[in-house]
Amino acid sequence: MQSRARRPLLAGNWKMNPLAAADAVELARGVSRAAREHASQVEVALFPPFPWLLPVRGALEDTGVEVGAQDCFWERAGAFTGEVSPAMLAGWCGWVIVGHSERRTVFGETDEQVGLKAAAAMGAGLRVIVCVGEREDQFVAGQTEEVVSRQLDIALQRLSASGADRLVVAYEPVWAIGTGRNAEPALADRTMRVVRRRLERAFGTSADAVRVLYGGSVNAANVTAYVELEACDGSLVGGASMKADEFSRMIAAVAAASGSRAT
Ligand code: PGA
């Protein structure tokens, strides 16, 4: 079955936390034991704020846990005050998130800009998590499929199937992020299937290599319900990824679910 070929990914988005480097290092160390123990079943990547990339990477040496940035710009270098380019990141981390809903809503990023970022990050050799998801009003209006398809198609226009194994799509309904109102697994499943169909349309059989995640109020108690879905290859986790014990339990839960899926 195709889904079993894809190793589940648990990605921890720390957002603008923690405040001190020492706390970032402690958090990274706190999850590294569980990550190492289950490394053959689950891939774990942590996304600290830019200034903590290096200390966190240092703390994770030889653990198999990867690090990534939460955003990047699309230009390579130049007069873009405050921005960080994918080419710069490539020297320090292997991953980047683009199009997170907080970037879209708080900073006004457009679908086109997210596509530019995704393409630039891919071009720099990074592995990229492209986030898509509908707002609450769009959800209520029954526009989920339309919104998610549009966001994804615009990004995919600039991407090529040859990078499919470095691409991850995270479906995160905006109304589920940080609210404790996780989307019902059946609902998430429906939209993740839409994502997979759009990927197949754009990439053909190469789309099999792309992982699709669910994100939005995922925690140790509910993660299994998502990763058991055939369309789901893991989760992008915010709040729960900042608690070492909870995130460690999530790693174990995803490992157990992936073990049972493979038999
Ligand atoms: P949450 O955040 O897990 O706190 O809902 C998810 C995200 O922002 O990616």
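Whatever order the structure lists them in is the order used to number ligands and atoms, beginning at 1.
Between the Asp233 side chain and the Val212 main chain, a donor and an acceptor come within less than 3.5 Å of each other. Judged by distance alone, with hydrogens and angles left aside, the side-chain atoms of Glu200 form no donor-acceptor pair with the main-chain N or O of Ala207 at under 3.5 Å. In this structure, the side chain of Arg103 does not engage the main chain of Gln70 through any donor-acceptor pair within 3.5 Å.
The aromatic rings of Tyr214 and Tyr226 lie parallel to each other, their planes meeting at an angle below 30°, with 60° marking the opposite boundary.
Taking every heavy atom of both residues into account, Ala253 and Thr224 meet most closely at CB-OG1, 3.7 Å.
Between Glu43 and Arg127 there is a salt bridge, with a side-chain nitrogen of the basic residue lying less than 4.0 Å from a carboxylate oxygen of the acidic one.
A distance limit of 4.0 angstrom between heavy atoms and ligand 1 selects the residues Asn13, Lys15, His100, Glu172, Ala176, Ile177, Gly178, Gly216, Ser217, Leu236, Val237, Gly238, Gly239.
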